[in-house]
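Please read these numbers as outputs of a predicted model, since none were measured by experiment. We count ligands from 1, going down the list as the structure has it; atoms in each ligand are counted the same way. This chain uses plain numbering: 1 for the first residue, then up along the sequence.
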Amino acid sequence: MNELNIIPKPVSAVIEDGSIDLAMLKSIALMHNSDDEKMTAVYLQKLLQPINALPITNFEKNKMDQIVLSIDPKSPLQAEGYQLIIGKDNGAYIKASTSAGLFYGFQTFRQLCPTELEKSVIPKNTEINNCKIIDHPIFGYRGMHLDVSRHFFDINFIKTYIDMIALHKMNVFHWHLTDDNGWRIQINQYPELTEKSAWRVDRRNEPWKEWSPIQPNEKATYGGFYTQDEIRDVIQYAAERSIMVIPEIEMPGHTSEVFAAYPELSCKGEFIPVNPGSYWPNVDIFCAGNDDVFMFLENVLEEVIDLFPGPYIHIGGDEAEKTHWENCPKCQKRIKDEKLRDETELQSWFIKKIEKYILSKNKKLVGWDEILEGGLAKSATVMSWRGMKGGIESAKAGHDVIMCPTSHCYFDYYQANPETSPEAIGGYTTLKKVYSFDPVPLDLSKEDEKFILGAQGNLWTEYVQTPARAQYRVLPRMTALSEVLWSGPGKHSYNNFYRRLSYLEKRFDQLEWSHAPGSFLVSFHTEKVSENKGISVQLTSEKPSETIRFTMDGSDPTIFSSEYTGAFNVNKTTILRAALFINGKLAGQISEKKLLFHKAVGKIIDYKTQYKNKYPGSGSSNLVNGITGSTSFNDGFWQGWERDDLDVVIDLGSETEINQIICGFLESQNSWIFLPTEVKVSFSNNNISYENEKSIAISDGENYGNKNRVEANINDIEQVARFVRITGTNRKICPDWHAGAGGDAWIFADEIIVK
Ligand code: ACM
Ligand code: ZN
């Protein structure tokens, strides 16, 4: 062995000669006999119980065969840091300057121990290698979020989730307690919140986005809530594992469940049943013009603040649908009375009012990045989820920031081929992508960087019906995030991480924690080499230790097909097929790509309208890389434009004869992706004046549920030109018959073929 299999990877770990035998240990010795030392000692005692019932004793000099635990506030070890020495005095030493540090030292010790101990089974091998480890985290905020409104998770699972956080040396549990689909926290002053707002009709057998309407007399049988005693129990459980719990109480939007109990607090004042399907736009929101709303919220927050000892109270603030305020006389009066410009300023006014209350209780307000709109409350901490932009803006203004952009931190997104994965809400965030995350944006100054406290993984549970599914979604993506946050982004290679992960996954198995196998996909990457050599093709997978085999004649790869060992060149239109082979067997599905040779391959594209970062395909070469997409919008080959038209110029490098242009588009209407209504091409030699425009109109009709790749084919072009401009007209909003009527419509394109 030349490396210890620890995640997150320690700052320094030196393997030394020799080993200790856990079976020979005699005691767990406390250096200062403190309660905090004792707490970790009890975890250690329990872990080693199957081998040996170790007594917890006071430290005595010159004794051998003990595990010594020490918390010394005067030690030079960093807060949360620790030193672990295996082999000293035939035993082990774990030293720290804080209780958290000692706990993390224990977590590292645990990962060095045989995995069978997790299941309280006597391991076959009880030796562990001597080593010296010194360790501490890069980021102070290492969080995991869980939405318990969309689906309810009982206290047992909440504790398991906290155990998962602890194993990864993460230190925050963000508990999303309220949302449109169920109120989950007992509030003594408002018993109807848990009598009415916590329950809804049961639609667990239907996909979230297709939940059927509530029938008359249908009973609300699905839901649940936590009593204040249960919440205190969870907070204590978390504290004993150096984990802070941040409660989230949503406002002003994502609150329709409240109006099942207290309709008078909404703008329209109407009863709304807790609706499994209500998602967007929020059916109604808190009326900002009604003083009773603030009385209610302060009373609720008072109980929340009494319960949660940590410094932060999260008040949501995301996705509040402002049309309710636009149409509400009370809200409009408030805007006038407070001399506010518009509804975004009203939102800001709302949040600042709540902030004032939270500050009066000596707590800090946290909110999603929408709280920036209309002016940010002075002391607020911002969770940047709609990309990094809100976080950057906040840090520059001197606010603390927690990064959790959808691109890397939304663990409700797919992590593998959507066609063969349990249904998720969308997106595509693989393990490798999470591992590539850097919470500190490049364009922040050193001064402003310090406001980035860290990051967190978010688990929204629309498509997470059970505890096992929750684990499957976050494991092992939270493992990747934990290493980014503890060991530092970009410090270690994905390949090295992946090797160590296989050991940690054995521990998950012993703990009976469900975890996702990840993506088996073989991906194709192309790069233009030269005019005559063609395209250089690279094959990659997220499983770097496994073999990729491929064919170039359209046949299925088998164990006898060529093994991929490095990039190769292709210089004519070719069908490539590739797959992973694990233990000599095909694993996952065969990937197929046709490499199309056409005149635009490898040429430069100028984007007049920018594709959305969430759906970049392979980036700026996506439309001219010779590769087309499948009918799955998140397969990595599609580039998406939201509301905007597609508008690009291809520079063919020199004047080129053009006869035909074919553009590949995706139709996937229930993902809000439509064909362009019109595709236009025009030509230029100077990139200033364009001429000879040709266009075709597309009428696609209602095609809900079907997914098609459609080629817009413009024939009979007789043109010699260097520059080609291509536009695809976006219908901009979803049509009236569509479930998202009035919402932003998308165009997705994969390739522009020039012949
Ligand atoms: C969020 O995902 N709406 C914060
Ligand atoms: Zn109102």
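Ion pairing of Arg473 with Asp412 is absent here, as no side-chain N (NZ or NE/NH1/NH2) approaches a carboxylate O to less than 4.0 Å. Taking 4.0 Å as the cut-off between side-chain N and carboxylate O, Asp744 and Arg643 count as a salt-bridged pair.
Look at Cys267 and the Zn ion (ligand 2): an N/O/S atom of the residue is under 2.8 Å from the metal.
Exactly one residue among His151, His176, His254, His174 makes a ring-ring contact (aromatic ring centres under 6.0 Å, His included) with Trp460. That residue is His176.
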Open item on the list: As a quick check of understanding, evaluate side chain to side chain donor-acceptor pair (under 3.5 Å) for Thr609 and Asp644, giving each step before the final call.
Closed with: CA-CA 7 Å; Thr609 52; Asp644 290 330; 5.8 Å; no
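Interface of Trp460 with ligand 1, defined as ligand atoms under 4.0 Å from a residue heavy atom, comprises 1 (C), 2 (O), 4 (C).
Residue contacts with ligand 1: Tyr410 is placed with a nitrogen or oxygen under 3.5 Å of a nitrogen or oxygen of the ligand (distance criterion only). On a distance-only criterion, Asp318 and ligand 1 share at least one N/O pair closer than 3.5 Å.
Here Glu319 has side-chain heavy atoms under 4.0 Å from ligand 1, and that is the only part of it that gets that close.
Under the 6.0 Å distance and 45° angle rule, Lys363 does not count as a cation-pi partner of Tyr312.
Here the angle at the Zn ion (ligand 2) defined by SG in Cys331 and SG in Cys287 stands at 110°, rounded to 10 degrees.
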